[in-house]
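One structure below.
Atom set for the values below is all heavy atoms of this structure, side chains included, hydrogens, waters and symmetry mates excluded. Letters A, B, ... are given to chains in the order of the sequence lines, protein chains preceding strands, and every chain is numbered from 1.
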Amino acid sequence: NAGVTQTPKFRILKIGQSMTLQCTQDMNHNYMYWYRQDPGMGLKLIYYSVGAGITDKGEVPNGYNVSRSTTEDFPLRLELAAPSQTSVYFCASRHEGHRSSSGNTIYFGEGSWLTVV
Amino acid sequence: KQEVTQIPAALSVPEGENLVLNCSFTDSAIYNLQWFRQDPGKGLTSLLLIQSSQREQTSGRLNASLDKSSGRSTLYIAASQPGDSATYLCAVPLPSGANNLFFGTGTRLTVIP
């Protein structure tokens, strides 16, 4: 099993450019998430999805967009990149939601390092 | 708003020592609490999940405890090894609303051979 795969691993963008971070999971998970992690800070939720065709905003959605056309894929789009979007981005997935009592494990990708200059 | 705090931010111990990492949260109405490990340049790996009805969970040399009334959780690592060197983060779900995990800022652990 590949688990959660993110691409690209590293990217440098110029201010105002756009790009898409790709995320794919092969575990048939319903829930998928995009987080960003800034130096010395905890992870913050950007967007999440509870299934194909359903997405919702997290804590810090401004400047980002997502789509979930299939169960496997959950791309994150950055429009008009800004220096404040320099960060490490993590995609994650799990079978059920965080409040599930079944204790299902959440799986993270290895991260995408993005620098906006 | 839920706030999750981990102190200290960094910790160095000699190999073989037992150690405790701390996690505090402000809203005790949590469903569960998770501990994660993050290696440099890598994603997070789930270590232990404690349900709100439980007091502790164990996995190998790791033992996590939860005291909801005091808003605290601890991760105990027995007989530390250099391979335990990593950043350890705790996280709690929101009690309601968006499907979100609130993460602490983590404790960077270095185990010195």
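- Separation of atoms CZ (B/Phe102) and NZ (A/Lys44) is listed at 7.0 Å; rounding is to 0.5 Å.
- Comparing B/Gly41, B/Ala9, B/Ser52, B/Gly106 by heavy-atom pairs within less than 4.5 Å of chain A, the highest count is held by B/Gly41.
- For chain B, the nearby part of A/Gln37 is the side chain; its heavy atoms alone come within less than 4.5 Å.
- Note: B/Leu44 leads B/Thr45, B/Thr105, B/Leu44 in heavy-atom pairs under 4.5 Å with chain A.
- Only the side chain of B/Gln38 comes within less than 4.5 Å of a heavy atom in chain A; its backbone stays farther off.
- The aromatic rings of A/Phe90 and A/Trp113 stand perpendicular to each other, their planes meeting at an angle above 60°, with 30° marking the opposite boundary.
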Original post:
How far apart are the C-alpha atoms of A/Val4 and A/Cys23, what are their side-chain angles, what is the distance that settles it, and do they pass the side-chain contact (heavy atoms from CB on, under 4.5 Å) test?
Top reply: CA-CA 7 Å; A/Val4 179; A/Cys23 176; 3.7 Å; yes
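- Considering every non-hydrogen atom in both A/Ala52 and A/Thr71, the closest pair reads CB-N, 4.1 Å.
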